[in-house]
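These notes are about the structure you will find just below.
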Amino acid sequence: MTLRALVLVLVALLLTGCGSDRTTSGGKSRKMLCEVEPETSGQPPEISPLAADSKHRLVFTTNKGAFTVELDAKTAPCAGGSMLQLAKKGFFNGTIFHRIVPGFVIQGGDPTGTGTGGPGYKTSDTPPENARYTKGVVAMAKTMDEAPGTAGSQFFVVTGADVGLPPDYAILGKVVDGLDVVEKIGKLGGPDERPTQRVEIESVRTE
């Protein structure tokens, strides 16, 4: 092989290995996907991260009113992509806010209503070090032993002015409409953090 031919081969190898999109043998571009950790024996879904400049909203219609969440594509692109996908499948329809702590958070997204359920997989987004959980912020819930930014389907909406949580929870976005509905729901919690009334998510629409 001549020196010129060798250089051309090396350049071709470098070009095929660069970039976030890879080209398959059929010539089709394969999009970059989020890392998904399965929790069950089933095949986890393929989840594309939200583009940093994209605008997406989730409209939650509950039996107590509706509120809209604008997703933050920069802080939680994978959790956002997962939530959009779940919402389009109707995953949240008929689920409840199973945890309500007045002046702190309302929490939902568990199909079992027990606080232990999820979609069968986890995604991860590194929360910014300066993350603050103030009123209207929507973040992904996780257990204490899970790594920061781990997310399934459970989420919480902050109802306190600033609840002082550490930057461990992937910030999904913020309530941009219907904060009064969130505040109303936030008053329906008992001393055991259980709702005093059933608060059901009837549907979640994507925009």
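If you're wondering where the values come from, they're calculated on a predicted model, not measured in any experiment.
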Check your understanding: Does the gap between the ring centers of Phe155 and Phe60 come in under 6.0 Å?
Key -> yes
Review point. Are any side-chain N or O atoms of Ser48 and backbone N or O atoms of Leu33, one a donor and one an acceptor, separated by less than 3.5 Å?
Key: no
Review point. When you look at NZ of Lys74, are more than 12 heavy atoms from neighbouring residues, nucleotides or ligands closer to it than 6.0 Å?
Key: no
Review point. Which value, rounded to the nearest 0.5 Å, describes the distance between Leu179 atom CG and Phe67 atom CZ?
Key: 10.0 Å
Point to revise | Whether Tyr169 and Phe156 hold their rings parallel, tilted or perpendicular, with breakpoints at 30° and 60° | key: perpendicular
Practice item. Please check if the side chain of Asp162 supplies one atom and the backbone of Arg132 the other of a donor-acceptor pair under 3.5 Å. Key: no
Practice item. With sequence neighbours excluded, tell me which residues meet side chain to side chain contact (heavy atoms under 4.5 Å, CB included) with Glu207. Key: Arg57, Val59, Arg205
Practice item. Mark yes when over 12 heavy atoms from residues, nucleotides or ligands other than Glu35 sit less than 6.0 Å from its CD; otherwise mark no. Key: no
Check your understanding: More than 12 heavy atoms of other residues, nucleotides or ligands under 6.0 Å from NZ of Lys142: is that the case?
Key -> yes
**Study point:** Least distance between heavy atoms, Met140 atom then Ala79 atom
**Key:** CG-CB, 3.9 Å
Revision key, fill the gap. Rounded to the nearest 0.5 Å, the CD1 atom of Ile201 sits from the OG1 atom of Thr61 at a distance of 10.0 Å
Check your understanding: Is there a donor-acceptor pair closer than 3.5 Å between any side-chain N or O of Lys184 and the backbone N or O of Lys64?
Key -> yes
Exercise for review: Answer yes or no: is there a donor N or O on one side and an acceptor on the other, between the side chain of Glu129 and the main chain of Pro167, under 3.5 Å?
Suggested key: no
Point to revise | Any donor-acceptor pair under 3.5 Å from Thr95 side chain to Gly109 backbone | key: no
Check your understanding: Crowded around Glu37 CD? As in, over 12 foreign heavy atoms under 6.0 Å?
Key -> no
Revision key, fill the gap. All heavy atoms of Tyr133 vs all of Val158, minimum pair found to be O-CG1, 3.6 Å
Review point. So how far is it from Thr134 OG1 to Leu165 CG, rounded to the nearest 0.5 Å?
Key: 11.0 Å
Review point. Pick from Cys34, Ser82, Cys78, Pro148: which one makes a side-chain contact (heavy atoms from CB on, under 4.5 Å) with Asp125?
Key: Cys78
Review point. Is it true that a side-chain atom of Arg194 and a backbone atom of His98 form a donor plus acceptor pair closer than 3.5 Å?
Key: yes
